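Step one of this worksheet: look at the structure below.
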2 protein chains.
Amino acid sequence: MLEQSASRGDIAELMAALGRNARQASARLATAPTAAKDSALDAMADAILAGRNNILAANVIDMKNAEEADMAPSFRDRLKLDADRVKAMADGIRAIRDLKDPVGDVIAEWSRPNGLKIERVRTPLGVIGVIYESRPNVTADAGALCLKAGNSVILRGGSDSINSSTAIHDCLVEGLKKAGLPEHAIQIVPTTDRAAVGEMLKGLDGAIDVIVPRGGRSLVERVQSEARVPVFAHLEGLCHLYVDKSADIDMAVKIAVNSKLRRTGICGAAETLLVDRDAADTHLAPVLTALAEAGCEIRGSDEVCARFDKAKPVTEADWSTEYLDAIISVALVDGVGGAIDHIARWSSNHTEAVIAEDPAVVERFFNEIDSAILLHNASTQFADGGEFGMGAEIGIATGKMHARGPVGVEQLTSFKYRVRGSGQTRP
Amino acid sequence: MLEQSASRGDIAELMAALGRNARQASARLATAPTAAKDSALDAMADAILAGRNNILAANVIDMKNAEEADMAPSFRDRLKLDADRVKAMADGIRAIRDLKDPVGDVIAEWSRPNGLKIERVRTPLGVIGVIYESRPNVTADAGALCLKAGNSVILRGGSDSINSSTAIHDCLVEGLKKAGLPEHAIQIVPTTDRAAVGEMLKGLDGAIDVIVPRGGRSLVERVQSEARVPVFAHLEGLCHLYVDKSADIDMAVKIAVNSKLRRTGICGAAETLLVDRDAADTHLAPVLTALAEAGCEIRGSDEVCARFDKAKPVTEADWSTEYLDAIISVALVDGVGGAIDHIARWSSNHTEAVIAEDPAVVERFFNEIDSAILLHNASTQFADGGEFGMGAEIGIATGKMHARGPVGVEQLTSFKYRVRGSGQTRP
């Protein structure tokens, strides 16, 4: 690893070299057969299991540093590895190996009256930059997913997990070498200097095609505001659940509790509950009672507080707060139109759900809201690539360009046109 | 129109207002029924025909200014409108009306073991910024294409064509009003101040989702280097034609002449001819003779000059020059591998064609070259949205994100997920 005292110029030079290496590797990966990529993935999983002791020893150092730095318990939990988590990493890589190789897939094909046959086929995107924080397993997940789609990747892990991430990366490189693939297909930034992130965000002289930040709001914010290359990300998941007067009450209760409380720290957790004003006498109390009994704090509008005495008054700031905790903001709205208006004003365009039996309500909710994921009669916590059947995901995107919603192996591809003729010239 | 003397702050304010208007219009357009969009397009075409005299009168002013400014004849030809060109604009709008509305299209659908039904459906992208130069017809083409895909558009035409473009824009707005669609769906920047372009490239406070530059290299270069929002563009079309030893000689001759000379000024025109060294005795002379007889200047490598006495010596700079003229650079290469190497080094990733009868050669060419469009036994001049059957195109993109190749109505859309459940919660 580079010394912390490396100068700005050294870092720029080091990162430019990583960019060139990644670009070269990506040209070779673009035509690598599926079998070679899959055998590399298998060898990576093997190497992680075989190298378990090295990985855990490296993690002990990171954990000790985190303890000395007095990091929060939640931070240390994300950082910590044990035998089960190492095995889960290896299993995750094998699950990615089992995904269909998207490269070469014919997405569309058609013929023209002049006899030209046109195909649109998937190609790798090129070089992905992944910037993440404390979780060392992202090294394995992101490395494997990018490789499967024929991309090379430059990984920049958090400085707190650098020892763990480097030990995992060693295993990935071992797998690449065993399969005869370029070892620069998966590179890790060998310095914790923050200037390296700045260089990645500038794109390394055009070497990086897209940046994926994996971490908290401040990381994503920095990446989105500074990046000169495209970014796949969501700043936050301010997910709404709307309960229509046509909703089945039991279903509304069950889905609200699951959407809010199954895991409160994920981006698909609901943060705001909107209840149809016409259902205030029927649906509101059962849903709020169930949430409160399950340990959720209720912050309600005046109307909600008047009807449910455990509710605390909501403030304007609550509507735009992603709690990531057992807290929910609640308002009454005038039917689906009122829900749509509230969501248009406050949503982060990530995921919204409607509970209703009236198909006209569902169609309006589905048509008029422009969020990445809309759900009917299902929990917002399904907002996840695995739950969508995409296998692994590298994150969830709320932008409208290229990838939207869960970013899986297919979203890490581009395409090109292949046109077959028999001597056609253009009149 | 705003005075030229408007201050920088005035321009920023004016442009921000355009951005807000566009964003509001886009929310309404997103759910506009196909019939309303189509009737607006019809009314626009009618208004253009009915307003022909106004448009031509405005064009006379632009032409007079261009003459006084001593603009080149080719520039004046692009600027000029006549009755036929006005009719072609109206016909172009009706052709866009006849395209299938992409919004709401279900691109993919699948079910999960837990019973969730997932659909990926097309949505509009949002707000498109189009920056163009002398051709006033881009006003109508781009306005109509963006509307068809449910997007609002901010048009910034060249200052030389501002009178013509404004007259055309008036007709588009008339069509929008007749169909009850928001008139801000298609806005034109009402000032020729260059600062307005700078504001658009900054994205108007997040109002613009993508910028499409339509014009020469210097415009595209400025947009690509300054834009803080995604750009659909190609800097140049440095298209290659490779003639393999397995090629049919007559076909090679016919396609080479068409690729180079049908129209030399378009981005799909071939600029470099690569001939298999094993075909130097058989294919080179017929192809070069035909090109030279058709008036094309040949710039050849030493080997080529030795074999064809009308060839002038090529320089290194020629390999990266988009002539847009009746000039072609020519080299011998070692089979398809040599062609792939040359293209990897010099290509602009726009369009490349291979003439060959050997299927293994074609597959290698198709697999190993990562350009937007690859053609087999067909002219490079087919690199065009209309020729691809996409109807109209707003341009051709060589980037790898979102749109690649011809950018038609489908490429001007994004997507969202609609998930239908029956009470599912996540375990």
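Residue numbers begin at 1 in each chain, while the letters A, B, ... track the order of the sequences. Everything numeric here is computed off the predicted structure, so don't read it as measured data.
- Of the atoms belonging to B:Pro113, not a single heavy atom falls under 4.5 Å from chain A.
- For residues 354-363 of chain B, heavy-atom neighbours of chain A at less than 4.5 Å comprise B:Val362, B:Glu363, sorted by residue number.
- In terms of non-hydrogen atom pairs under 4.5 Å with chain B, the most contact-rich of A:Asn349, A:Leu125, A:Asp370 is A:Leu125.
- Contact annotation for B:Arg262: only side-chain heavy atoms (C-beta onward) come within less than 4.5 Å of a heavy atom of chain A.
- Distance check, rounded to the nearest 0.5 Å: OG of A:Ser371 to NZ of B:Lys416 gives 8.0 Å.
- Interface remark: of the candidates A:Asp248, A:Asp384, A:Val121, A:Thr413, A:Asp384 forms the most heavy-atom pairs closer than 4.5 Å to chain B.
- Heavy-atom distances place no part of A:Val257 under 4.5 Å from chain B, backbone and side chain included.
- B:Phe365 does not touch chain A: none of its heavy atoms, backbone or side chain, sits under 4.5 Å away.
- If you measure heavy-atom distances from B:Glu387 to chain A, the contacts under 4.5 Å come from both the backbone and the side chain.
- With chain B as the partner, the residue from A:Ala27, A:Ser414, A:Ser379 showing the most heavy-atom pairs under 4.5 Å is A:Ser414.
- Using a 4.5 Å cut-off between heavy atoms, B:Asn114 contacts chain A through its side chain alone, with no backbone atom that close.
- Within the 4.5 angstrom heavy-atom criterion, only side-chain atoms of B:Arg120, from C-beta onward, approach chain A.
- In this structure, no portion of B:Glu352 lies under 4.5 Å from any heavy atom of chain A.
- Atom CG of A:Asp105 is surrounded by more than 12 heavy atoms from other residues, nucleotides or ligands within 6.0 Å.
- Interface residue A:Arg112: only side-chain heavy atoms are found under 4.5 Å from chain B.
- In plain terms, the two heavy atoms of B:Ala378 and A:Gly421 that are nearest each other are CB-CA, 4.4 Å.
- Contact detail for A:Tyr417 and B:Gly405: the closest heavy-atom pair is CE1-CA, 4.2 Å.
- The contact between B:Ala403 and chain A is made entirely by backbone atoms, counting heavy-atom distances below 4.5 Å.
- At a 4.5 Å heavy-atom cutoff, the contact between B:Ala227 and chain A is made by backbone atoms alone.
- No side-chain heavy atom of A:Arg364 sits under 4.5 Å from any side-chain heavy atom of B:Thr31.
- Counting heavy-atom pairs closer than 4.5 Å to chain B, the top-ranked of the candidates A:Glu368, A:Arg228, A:Lys117 is A:Arg228.
- The greatest number of non-hydrogen atom pairs below 4.5 Å with chain A, out of B:Lys400, B:Arg420, B:Lys254, is found for B:Lys400.
- Closest approach of A:Val419 and B:Phe366 over heavy atoms only: O-CZ, 3.5 Å.
- Between A:Phe382 and B:Leu116 the shortest side-chain heavy-atom distance falls below 4.5 Å.
- Residue contact with chain A, scored on non-hydrogen atoms closer than 4.5 Å, involves the backbone of B:Ser225 exclusively.
- For the options A:Ile118, A:Asp250, A:Asn258, heavy-atom pairs under 4.5 Å to chain B are most numerous at A:Asn258.
- The closest donor-acceptor contact from the side chain of B:Arg426 to the backbone of A:Gln381 lies under 3.5 Å.
- Interface residue B:Thr425: backbone and side-chain heavy atoms are both found under 4.5 Å from chain A.
- Scanning all heavy atoms of the two residues, the minimum distance from B:Phe415 to A:His402 falls at CE2-O, 3.7 Å.
- Proximity to chain B is absent for every atom of A:Glu119, based on heavy atoms less than 4.5 angstrom apart.
- Neither the backbone nor the side chain of B:Ala30 comes within contact range of chain A; no heavy atom of the residue lies under 4.5 Å from a heavy atom of that chain.
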